[in-house]
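We use all heavy atoms of the structure for the numbers below, so side chains are in, but hydrogens, waters and symmetry mates are not. Only a predicted model underlies this, so the values are computations on that prediction, with no experimental measurement involved.
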Amino acid sequence: FNGCSDDDLKNLFSMGAQLSKLDVRCSFSITDNSIDHILKFKSLKYLNVRQTCISEKGLMKLMEGMKELSRTSYWDMDTEPSSALKVFKSSFLEQHTALLPDCFPNLVYVEIHLGNPVTLTAVKQLKNLKMLAVCCNINPRYRFQVILEELLNEIGKQLLELTLENVENISLKHIAETASSLQKLC
């Protein structure tokens with residue numbers, strides 16, 4: 001829910017909410033102080049923390065905490081952990097992107113908003129990824145085109161959905177050749 005605060009998340013948890021989906025995008029009163037509260041929602045499958053005031057360091061703490069939560073839950077079950085996050089949306093730097101496969105190996109959807117150059121190499125390791133959304137705020141964008149084409153060479157066949165925002169000069173022919181199972185292109 002847009003416009004919520006650190007206190008709102010704290011109160012939501014204290015009221016006994018057991019959320020599987022949490023979308024706090026555009027909530028500029030969500031800060032690093034919310035990380036511990038977000039980590040208390042042990043059944044999260046969907047998390048969107050885009051356009052919040054969570055810092056780079058806070059995002060690292062959140063990702064590491066989700067990873068630990070997943071490991072802890074795993075030993076309680078014979079199957080996939082109940083906390084196995086499936087959808088994650090955030091703004092990423094290289095160090096955040098590098099953590100994705102280790103922290104969230106079961107992701108089926110990732111939305112990456114890039115403000116700095118990254119390689120996206122780690123995304124290639126997400127074997128369950130079916131939907132990828134990328135927003136590029138990097139200049140010059142032409143270099144990102146090469147990075148994205150390399151990524152599609154590796155994982156294109158597993159993608160069902162691809163969303164590209166602010167990505168220039170990407171070849172539709174290349175997308176068609178590398179993402180043959182694609183059902184949705186935005």
Is it the case that the side chain of Ser171 and the backbone of Lys173 share a donor-acceptor pair, with hydrogens and angles ignored and the cut-off at 3.5 Å? yes
Please step through side-chain contact (heavy atoms from CB on, under 4.5 Å) for the pair Val87 and Leu107, ending with a clear verdict. CA-CA 6 Å; Val87 176; Leu107 280 180; 5.6 Å; no
Mind checking the CZ-NE2 spacing from Phe92 to His113? Nearest 0.5 Å is all I need. 9.0 Å
Around atom NZ of Lys10, are there more than 12 heavy atoms of other residues, nucleotides or ligands at under 6.0 Å? no
Please say yes or no: joined through hydrophobic side-chain contacts below 4.5 Å, possibly via intermediate residues, are Leu182 and Val123 part of one cluster? yes
Considering all heavy atoms, the nearest Tyr109-Glu161 contact: CE1-OE2, 4.1 Å
Is the backbone of Asn169 close enough, under 3.5 Å, to the side chain of Gln145 for a donor and an acceptor to pair up by distance? yes
In terms of side-chain geometry, is the basic nitrogen of Lys61 or Asp32 positioned less than 4.0 Å from the acidic oxygen of its partner? no
Classify the ring geometry of Phe41 against Phe13: parallel below 30°, tilted from 30° to 60°, perpendicular beyond 60°. perpendicular
Testing the basics here: between Cys103 and Glu64, what is the closest heavy-atom pair and its distance to 0.1 Å? SG-N, 4.2 Å
Here the pair of heavy atoms bringing Gly3 nearest to Ser27 is N-OG, 2.9 Å
Is any side-chain heavy atom of Leu99 closer than 4.5 Å to a side-chain heavy atom of Met60? yes
Working to the nearest 0.5 Å, report the span between NZ of Lys184 and CE of Met131. 9.5 Å
Taking the side chain as everything from C-beta on, heavy atoms only, tell me whether Leu151 gets closer than 4.5 Å to Leu132. yes
About how many Å separate CD of Glu150 and OG1 of Thr121, when rounded to the nearest 0.5 Å? 8.0 Å
Establish, from distance only, whether the side-chain atoms of Asp6 and Thr31 form a donor-acceptor pair under 3.5 Å. yes
Any donor-acceptor pair under 3.5 Å from Ser29 side chain to Ser5 backbone: no
Any side-chain heavy atom of Leu185 sitting closer than 4.5 Å to one from Leu172? yes
If you measure from CG on Leu19 to CG on Leu12, what distance do you get to the nearest 0.5 Å? 5.0 Å
Can you see which heavy atom on Cys136 is nearest to which on Val167, and at what distance? CB-CG2, 4.1 Å
Given Thr52 and Arg25, is the side-chain contact (heavy atoms from CB on, under 4.5 Å) satisfied, shown in steps? CA-CA 6 Å; Thr52 64; Arg25 74 175 171 257; 5.8 Å; no
Determine, using the 4.5 Å side-chain heavy-atom cutoff (strictly less than), whether Val108 and Met63 are members of one ILVMFWY cluster. no
Quick check: is Phe88 connected to Leu160 through a chain of hydrophobic side chains (ILVMFWY, heavy atoms under 4.5 Å apart)? no
Any side-chain heavy-atom pair of Ile175 and Ile170 under 4.5 Å: yes
Does Gln158 reach the main-chain N or O of Leu129 with its side chain, forming a donor-acceptor pair under 3.5 Å? yes
When you group the ILVMFWY residues by side-chain heavy-atom contacts below 4.5 Å and let the links chain together, are Val24 and Phe28 in the same group? no
Rounded to the nearest 0.5 Å, how far apart are OG of Ser20 and NZ of Lys45? 8.0 Å
CG of Leu152 to NZ of Lys157, rounded to nearest 0.5 Å, is 10.5 Å
Starting from the C-alpha separation in whole Å, work towards a yes-or-no answer on side-chain contact (heavy atoms from CB on, under 4.5 Å) for Leu120 and Thr97. CA-CA 7 Å; Leu120 297 180; Thr97 307; 4.0 Å; yes
Within the structure provided, determine whether Lys130 and Leu159 are in side-chain contact (heavy-atom separation under 4.5 Å). no
Is it true that a side-chain atom of His96 and a backbone atom of Glu56 form a donor plus acceptor pair closer than 3.5 Å? yes
Please report the shortest heavy-atom distance between Ala122 and Ala98, naming the atom on each side. CB-CA, 3.7 Å
I'd like to know if Leu62 and Tyr46 are part of one continuous hydrophobic network [Ile/Leu/Val/Met/Phe/Trp/Tyr, side-chain heavy atoms within less than 4.5 Å]. no
Side chain to side chain, Leu59 and Ser90, heavy atoms closer than 4.5 Å: yes
Strictly below 4.0 Å, N to O, side chains only: are Arg50 and Glu111 in salt-bridge contact? yes
Measure the shortest side-chain to side-chain distance between Leu22 and Leu9 over non-hydrogen atoms and say whether it is less than 4.5 angstrom. yes
Can you tell me if Thr178 uses its side chain to pair, donor with acceptor, with the backbone of His174 under 3.5 Å? yes
Do any N or O atoms from the side chain of Thr163 and from the backbone of Ala133 form a donor-acceptor pair under 3.5 angstrom? no
Is there a side-chain contact between Pro105 and Leu126 (heavy atoms, below 4.5 Å)? no
Is Ser55 reaching over with its side chain to a backbone N or O of Gly58, donor-acceptor style, under 3.5 angstrom? yes
